[in-house]
Visitor: 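I'd like to ask you about the structure that follows.
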Amino acid sequence: MSVEIKILENLEEISLTAARLLIEIGNRAISRNDRFTVALAGGSTPKSLYKLLATEEFKDQIEWSKVFFFFGDERTVLPDSDESNFKTAAENLFKPLKIKAGNIFRWKTEIGDAQKIAEDYSNSITEFFDLTLGAFPCFDLILLGMGDDGHTASLFPMTKAIEITAQIAVANRVEKLNAERLTFTFTTINNADNIIFLISGSSKAFVLKEVLEGDYQPKNLPSQNVEPKNGNLIRLIDEAAAEFLK
Ligand code: 6PG
């Protein structure tokens with residue numbers, strides 16, 4: 001297990017470093033298990049990473065047919081909504097690389113009820129990883145972003161899902177958004193072999209200092225709960241977001 005912080009010049013450098021790490025981790029997983037399981041992050045930061053993976057520089061560096069994509073969280077919107085994390089990945093990564101539908105495991109938000117969507121997603125992960133009851137998946141890689149309130153995935157400050165430990169994926173009521181969100185639990189996140197945070201922009205600078213150098217208050221700063229049990233954690237941070245770090 002290792003914890004590493006890389007301060008990089010800008011989002012472009014974060015995306016380049018993340019692409020190289022994803023390919024390296026992915027090829028190592030494929031050589032070991034003949035497959036690579038990766039949970040993508042939502043929001044806008046990872047968009048440039050997704051685009052980069054589909055460019056000439058990276059698109060032939062891994063056997064995409066052996067890469068299986070999941071999502072660490074999702075909004076309760078349909079997959080064709082501009083708010084959908086699935087849609088962001090589909091447009092910037094899956095379509096350009098012609099990823100087969102069988103390699104993509106999205107939250108089936110068309111089910112409607114958030115709890116039922118989360119149960120369905122947990123069941124599909126349990127089946128894919130051939131888990132026994134109560135066991136958790138070990139993703140080869142989970143990508144995460146961080147909000148300016150310290151949330152990660154859809155684990156927002158002072159929300160119930162932060163404290164749920166016995167489920168793989170849950171619905172989470174987020175009052176500040178007046179919305180139901182869908183998210184991995186920290187148990188699932190911390191069971192990964194590799195976790196990479198992508199953190200870019202001055203809007204994250206204050207909360208990032210609190211998360212990394214402030215008091216331990218994981219209910220108010222959920223990103224502080226990301227502590228892989230056995231895996232590696234790398235935070236890719238640009239200079240703007242790192243402004244207040246010592
Ligand atoms: C989501 C994300 C969320 C995101 C952060 C950062 O569904 O919004 O999963 O956790 O990673 O809010 O978002 P940005 O990258 O857009 O700043």
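Both ligands and their constituent atoms are indexed starting at 1 by order of listing.
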Visitor: For atom 13 (O) of ligand 1, what is the closest protein heavy atom, and at what distance to 0.1 Å?
Guide: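 Its nearest protein heavy-atom neighbour is Gly43 CA, 3.9 Å.
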
Visitor: Will you find, in the side chains of Asn232 and Asn194, an N or O donor that is under 3.5 Å from an N or O acceptor?
Guide: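 Result is yes, a qualifying pair exists.
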
Visitor: At under 4.0 Å between heavy atoms, which part of Ser44 makes contact with ligand 1: side chain, backbone, both or neither?
Guide: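 The part of Ser44 near ligand 1 is both the backbone and the side chain.
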
Visitor: State plainly whether the residues Arg32 and Asp140 are in salt-bridge range, i.e. N to O under 4.0 Å.
Guide: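 Judged by the 4.0 Å cut-off on N to carboxylate O distance, Arg32 and Asp140 do not form a salt bridge.
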
Visitor: Can you list the atoms of ligand 1 that are under 4.0 Å from a heavy atom of Lys204?
Guide: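 Close to Lys204: 6 (C), 14 (P), 17 (O).
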
Visitor: Counting each atom of ligand 1 from 1 as listed, which ones have a heavy atom of Gly145 under 4.0 Å away?
Guide: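 This gives 11 (O) as the contact atoms.
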
Visitor: Can you confirm, on distance only, whether ligand 1 has an N/O atom lying under 3.5 Å from any N/O atom belonging to Arg75?
Guide: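 Yes, at least one N or O pair falls under 3.5 Å.
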
Visitor: Salt bridge or not for Lys209 and Glu243, using N-O below 4.0 Å?
Guide: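 No.
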
Visitor: Can you list the atoms of ligand 1 that are under 4.0 Å from a heavy atom of Arg181?
Guide: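 Within the 4.0 Å cut-off of Arg181, ligand 1 contributes 1 (C), 7 (O), 8 (O).
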
Visitor: Any atoms of ligand 1 less than 4.0 Å from a non-hydrogen atom of His151? List them with their elements.
Guide: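 Listed by number with element: 3 (C), 5 (C), 10 (O), 12 (O).
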
Visitor: Hey, could you give me the CG/OG distance between Leu144 and Ser223, rounded to the nearest 0.5 Å?
Guide: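 With rounding to 0.5 Å, CG (Leu144) is 7.5 Å from OG (Ser223).
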
Visitor: Are Phe184 and Phe139 close enough that their ring centers fall under 6.0 Å?
Guide: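 Aromatic pair counts; centres sit under 6.0 Å.
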
Visitor: Just by distance, no angles: are the side chains of Arg28 and Asn33 close enough, under 3.5 Å, to form a donor-acceptor pair?
Guide: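 Short answer, no.
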
Visitor: With heavy atoms only and a cut-off of under 4.0 Å, state how Ala153 meets ligand 1: side chain, backbone, both or neither.
Guide: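 The answer is the backbone of Ala153.
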
Visitor: Hydrophobic clusters join Ile, Leu, Val, Met, Phe, Trp and Tyr when side-chain heavy atoms are under 4.5 Å apart, directly or via other members; which others share one with Val170?
Guide: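 ILVMFWY cluster around Val170 also holds Ile164.
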
Visitor: Report the part of Asn85 in contact with ligand 1, treating N, CA, C, O as backbone and CB onward as side chain, heavy atoms under 4.0 Å; options are side chain, backbone, both, neither.
Guide: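 The answer is the side chain of Asn85.
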
Visitor: Show the nearest heavy-atom pair for residues Asn190 and Ile195, with the distance to one decimal.
Guide: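 Where Asn190 meets Ile195 most closely, the heavy atoms are OD1-CD1, 4.2 Å.
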
Visitor: With heavy atoms under 4.0 Å as the rule, classify the contact between Thr45 and ligand 1 as side chain, backbone, both or neither.
Guide: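 Under 4.0 Å from ligand 1, Thr45 contributes backbone and side-chain atoms.
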
Visitor: What is the nearest protein non-hydrogen atom to atom 9 (O) of ligand 1, stated with its residue, atom name and distance?
Guide: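 Among all protein heavy atoms, the one nearest atom 9 (O) of ligand 1 is Asp73 OD1, 2.7 Å.
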
Visitor: At a 4.0 Å threshold, what atoms of ligand 1 neighbour a non-hydrogen atom of Met146?
Guide: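 Once the distances to Met146 are compared, the set is 5 (C), 6 (C).
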
